[in-house]
Number of protein chains: 2
Amino acid sequence: MISSSPLGSDKRRYVVETAYALFKRDGFHATGIDRIIAEAEVAKMTMYRHFPSKDDLIVQVLDYRARRFDRQLDRLAEEAVTPEQKIATIFDWYERWFRSADFHGCLFAHALAEFGNPEHPVFKAVAGQKNGLRRRMQSILEDIMPPDRAASTAAALLMLIEGATLMAEMGQADTAICDARKAAFSIIAAPSAMTAP
Amino acid sequence: MISSSPLGSDKRRYVVETAYALFKRDGFHATGIDRIIAEAEVAKMTMYRHFPSKDDLIVQVLDYRARRFDRQLDRLAEEAVTPEQKIATIFDWYERWFRSADFHGCLFAHALAEFGNPEHPVFKAVAGQKNGLRRRMQSILEDIMPPDRAASTAAALLMLIEGATLMAEMGQADTAICDARKAAFSIIAAPSAMTAP
DNA sequence: TAGTGAATAGACAGACCTGTCTCACTGCTT
DNA sequence: AAGCAGTGAGACAGGTCTGTCTATTCACTA
């Protein structure tokens with residue numbers, strides 16, 4: 001067998017991609033090991049050789065997904081010129097995702113729902129992904145506003161995106177992404193530092 | 001036994017409240033019937049007499065929670081005068097919730113994560129609750145802006161709230177509610193109809 | 001006092017869960 | 001040719017899951 005690399009054999013990749021599809025569609029607790037290995041056409045011991053436990057597999061799946069997400073956003077950001085355009089490409093990515101055939105909501109949000117213990121590795125993987133996106137937007141925004149306002153705005157944009165993903169999951173993808181985009185640029189273009197009454 | 005009402009005996013209430021606490025803390029699939037009846041100190045047949053299945057119990061728990069949420073928001077809205085104040089009381093409610101000792105995120109969002117099939121009764125219960133909150137904010141906003149902009153703004157506020165709940169779940173409750181509030185009033189006070197570049 | 005309806009504890013069925021283990025096979029490398 | 005790492009198929013253990021059923025007890029009512 002021609003193994004592509006010691007850390008990433010073909011079988012391992014099959015398992016991760018199959019588990020990703022099943023976790024996404026049916027959830028983590030509801031997806032059994034037996035179904036994963038059956039659909040991946042892999043022996044049980046092969047899976048357990050690569051992943052010590054189901055929890056470990058879940059973390060690896062989340063990491064796989066997070067890395068792909070980051071790569072795609074990196075590539076989109078290269079095409080954009082202004083900071084506003086860079087933010088817009090992020091919303092573009094979400095719009096395409098919402099419209100994709102097998103959209104089932106955010107795997108990380110789902111993982112958080114099923115693994116709410118902050119000490120659990122899955123929880124930490126989720127927090128890492130969400131904070132990564134927030135930092136990405138924050139560093140973009142720091143080119144057009146002071147750092148403290150960039151931090152607040154990035155947090156607000158992340159909340160809008162997460163909420164839009166939830167609404168898209170409930171079948172309101174079109175209005176969700178449209179209203180989120182409008183709200184985002186309303187926040188960014190706010191005349192002064194935002195203040196609540 | 002002095003039953004309070006034909007539709008709501010004490011035992012039934014025990015089961016719903018216990019199941020609510022367990023579902024909130026551990027999730028739906030991860031919480032077994034046996035644990036619910038043990039903590040509620042109720043026989044298994046008693047539970048199955050009131051709820052034909054676990055799925056049915058989950059729906060009843062969600063309804064119970066949604067009704068309590070609506071009652072609390074109704075009472076808060078009575079104390080507010082202006083539409084802006086009414087919106088602010090909703091954010092106040094969320095702020096107190098985020099800071100409460102046993103906050104574990106939104107039970108409805110968690111239910112959506114575990115029951116993603118739009119035909120499932122649990123899915124419909126979640127959609128009902130979220131759309132209810134959106135309509136509540138929309139009708140408040142219609143007093144200070146045209147109907148189409150009220151609809152967009154209500155959707156944006158819902159997304160902010162859902163995103164803030166997610167961030168609070170990840171231990172960032174303070175910045176989440178603060179930034180969400182600022183963003184919300186920035187959107188509401190936007191000088192004109194929002195437009196994206 | 002007899003009857004009725006609800007609740008109880010717990011056994012039980014049948015399925016599914018994670019994780020371990022054995023044994024046979026395959027294809028590459030030395 | 002021999003060895004070896006990786007893999008396949010599946011039995012197996014020990015536990016948990018939902019949902020059903022029985023036999024019994026208790027409180028209240030006619």
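Sequence lines set the chain letters: A, B, ... in the order given, protein chains first and strands last, and positions in each chain run from 1.
Taking atom CE of B/M47 as the reference point, atom P of C/dG10 lies 18 Å away to the nearest angstrom. Rounded to whole angstrom, the span from the CG atom of B/D26 across to the C1' atom of D/dT16 amounts to 15 Å. Note: NZ (B/K11) to C1' (C/dG5) measures 14 Å, nearest angstrom. In this structure, the CG atom of A/D56 is 14 Å from the C1' atom of C/dT18, given to the nearest Å. Atom CD1 in A/I37 sits roughly 14 Å away from atom C1' in C/dC21 (whole-Å rounding).
B/H120 and B/F115 have tilted rings, their planes meeting at an angle from 30° to 60° on a 0 to 90° scale. The aromatic rings of A/Y94 and A/W97 lie perpendicular to each other, with more than 60° between the two planes, well past the 30° mark.
The one candidate from B/Y64, B/W93, B/F108 that meets the ring-ring contact (aromatic ring centres under 6.0 Å, His included) condition with B/F69 is B/W93.
Counted by atom type alone, A/R65 and A/Q129 present zero donor-acceptor pairs between their side chains at under 3.5 Å.
A salt bridge does not link B/D143 with B/K86: every distance from a Lys NZ or Arg NE/NH1/NH2 to an Asp or Glu carboxylate oxygen is 4.0 Å or more. Note on A/D102 versus A/R25: no salt bridge recorded, every NZ/NE/NH1/NH2 to OD/OE distance being 4.0 Å or above. At a threshold of 4.0 Å, the pair A/R136-A/D70 counts as salt-bridged, since one of the basic side-chain nitrogens sits closer than that to a carboxylate oxygen.
When the side-chain nitrogen and oxygen atoms of A/T46 are compared with OP1 and OP2 of D/dG6, none of them lie within a distance under 4.0 Å. Between A/R49 and D/dG6 there is no side-chain polar atom (N or O) within less than 4.0 angstrom of OP1 or OP2. Applying the 4.0 Å criterion to OP1 and OP2 of D/dT7, one finds that A/H50 has a side-chain N or O inside that range.
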Using a cut-off of under 3.5 Å, enumerate the N/O to N/O pairs linking the protein to nucleotides 18-20 of chain D.
{"residue": "D/dT18", "atom": "OP1", "partner": "B/K54", "partner atom": "NZ", "Å": "2.7"}
{"residue": "D/dT18", "atom": "OP2", "partner": "B/I33", "partner atom": "N", "Å": "2.6"}
{"residue": "D/dG19", "atom": "OP2", "partner": "B/Y48", "partner atom": "OH", "Å": "3.2"}
{"residue": "D/dG19", "atom": "OP2", "partner": "B/K54", "partner atom": "N", "Å": "2.9"}
{"residue": "D/dG19", "atom": "N7", "partner": "B/K44", "partner atom": "NZ", "Å": "3.1"}
{"residue": "D/dG19", "atom": "O6", "partner": "B/K44", "partner atom": "NZ", "Å": "2.7"}

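With B/E114 contributing its side chain and A/G27 its backbone, the two residues share no donor-acceptor pair below 3.5 Å.
Applying the 6.0 Å contact sphere to CZ of A/R75 captures no more than 12 heavy atoms from other residues, nucleotides or ligands.
Taking a 4.0 Å limit (strictly below) on heavy-atom distances, residues 107-124 of chain B does not reach DNA chain C anywhere.
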